[in-house]
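Read the structure below first, then the notes.
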Amino acid sequence: MGAGFNIRANEDPSRVQALEEKVEGLVKRLEQLEERSAEDRVAIVVFSGDLDRVLAAFVIATGAAAMGQQVSMFFTFWGLSVLKKGTEFSGKTISQKAMALMSPGTSLDLPVSKMNYFGMGAKMLRGMMKHKNVSSLEDMIALARDLGVRMIACEMSRDVMGIKESELVDALEYGGVASFLADSLKSRTSLFI
Amino acid sequence: MNQPFDKLLDARGMNCPMPLVNARKELGKLEPGQVLKVVATDRGSIADFQGWTKIAKNVELLAQENETMDGVNVYVHYVKRTA
């Protein structure tokens, strides 16, 4: 700024006004762009209730959080099993009861996606991970919370499957597709696991 | 190489993502300008620390070394908290 600008202003006010308008327009466009640009965020949909897939989701989530990203995890359908602390049967329809009976009661009961053999595979994988000093899924979940990872349970699938809030762990958020999209549209990375 | 450091994190035996997660936690306890030395046995930590310091703000990777400690191959990382 300074003398040069003012001298020109004295010479040709209309030109300065045109410039000012142009700058104003550019600032407005920049603001709009900034509002729409991605932030340091990662959004993950956990659809699967398979131990191996869920582990992958939590490794990515905790790693991203450690790297300074703001992480949101959306648990829907089979993924809700990860958040369960127990099973209740009262007040459920027959099919909901059947589903509850055949679903994992807690994250400890999650099957693996391949070679599960009625839970033997999952037990074996957990044993192998322990042997290699890899954190257990439960440790990862606690760690994710510690790192400030947001966990959102899908309200619609929870309702359909008849899973009660009292069956899920505490300190969860509840939301729908828009709450996921609001995050994922602002994220650099969105995953569906 | 004799890189000075303010704190040492022993991440030996830890696996992905724990060396990174714990390094992040420890670094948060340091003052800006201080250096954290991380000793890990996880080979993936080499690329992990490079990725972390490239993406995260306030962190700088000063050096990475390959050493032998107690007969075991270890990967040493020096990260500095910049702000």
Side-chain angles (χ1 to χ4, degrees), chain A residues 34 37-44 46 51-73 82 107 124-151 186-191 193, chain B residues 7 9-62 64 69-75 77-83:
Chain A
E34 276 174 345
S37 69
E39 294 167 9
D40 287 344
R41 288 194 198 206
V42 175
I44 303 173
V46 184
L51 176 66
D52 41 357
R53 292 176 200 262
V54 174
L55 266 168
F58 273 94
V59 170
I60 295 170
T62 51
M67 284 174 79
Q69 307 289 306
Q70 197 185 317
V71 185
S72 302
M73 300 178 87
V82 181
S107 63
M124 204 172 84
L125 178 65
R126 280 181 182 271
M128 288 159 76
M129 284 169 57
K130 198 171 181 179
H131 180 68
K132 285 285 179 183
N133 205 22
V134 175
S135 308
S136 71
L137 174 60
E138 290 66 34
D139 288 348
M140 293 259 196
I141 295 173
L143 180 67
R145 284 207 181 276
D146 208 33
L147 292 167
V149 172
R150 285 176 61 209
M151 296 188 198
K186 279 267 169 200
S187 301
R188 286 187 216 289
T189 301
S190 292
L191 300 172
I193 297 174
Chain B
K7 197 164 185 196
L9 171 66
D10 185 0
R12 285 177 294 171
M14 287 182 197
N15 266 304
C16 174
M18 297 320 288
L20 173 67
V21 168
N22 285 313
R24 176 72 195 82
K25 277 187 179 169
E26 287 304 317
L27 201 74
K29 293 178 196 163
L30 295 186
E31 300 292 325
Q34 288 191 307
V35 177
L36 177 73
K37 176 181 178 176
V38 184
V39 183
T41 43
D42 173 23
R43 190 160 60 123
S45 68
I46 307 167
D48 279 1
F49 275 70
Q50 289 168 3
W52 170 36
T53 51
K54 205 194 284 177
I55 295 300
K57 293 161 192 140
N58 309 338
V59 192
E60 187 188 340
L61 186 63
L62 298 180
Q64 286 185 309
M69 198 180 272
D70 304 331
V72 185
N73 206 11
V74 293
Y75 307 94
H77 319 279
Y78 294 93
V79 281
K80 180 178 167 184
R81 181 171 171 180
T82 53

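Note that these values count all heavy atoms, side chains included, but never hydrogens, waters or copies made by symmetry. Numbers restart at 1 for each chain; the letters A, B, ... are given by sequence-line order, proteins then strands.
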Proximal component of A:Asp40, with respect to chain B [non-hydrogen, under 4.5 Å]: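 The side chain, not the backbone.
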Contacting moiety of A:Ile60, where chain B heavy atoms sit under 4.5 Å: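 Looking at A:Ile60, nothing touches chain B.
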Minimum side-chain heavy-atom gap B:Met14-A:Ser135 below 4.5 Å: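 The answer is no; the side chains never approach within 4.5 Å.
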Within residues 124-133 of chain A, residues adjacent to chain B where the heavy-atom gap is under 4.5 Å: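 Only A:Lys132, A:Asn133 of residues 124-133 of chain A have a heavy atom under 4.5 Å from chain B.
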Interface residues of residues 65-72 of chain A facing chain B - heavy atom cut-off under 4.5 Å: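 When heavy atoms of chain B are the reference, residues 65-72 of chain A contributes A:Ala66, A:Met67, A:Gln69 within the under-4.5 Å range.
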Atom of B:Val21, atom of A:Thr62 and distance for their closest heavy-atom approach: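 Of all heavy-atom pairs spanning B:Val21 and A:Thr62, the closest is CG2-O, 3.9 Å.
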Residue-level interface, residues 29-37 of chain B with chain A, non-hydrogen cut-off under 4.5 Å: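 Under the 4.5 Å heavy-atom cut-off, nothing qualifies.
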A:Arg41, CZ atom: more than 12 neighbouring heavy atoms under 6.0 Å: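 More than 12 heavy atoms, drawn from other residues, nucleotides or ligands, come within 6.0 Å of this atom.
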Within 6.0 angstrom of B:Arg43 CZ, more than 12 heavy atoms from elsewhere: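 Atom CZ in B:Arg43 is not packed in, count stays at 12 or less.
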side-chain hydrogen bond (donor to acceptor under 3.5 Å, both in side chains) partners of residues 46-55 of chain B, not counting sequence neighbours, each pair once: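 Qualifying pairs: B:Gln50-B:Gln64.
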Nearest-0.5 Å distance that lies between atom CG in A:Leu143 and atom NZ in B:Lys25: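 Result: 5.0 Å between the selected atoms.
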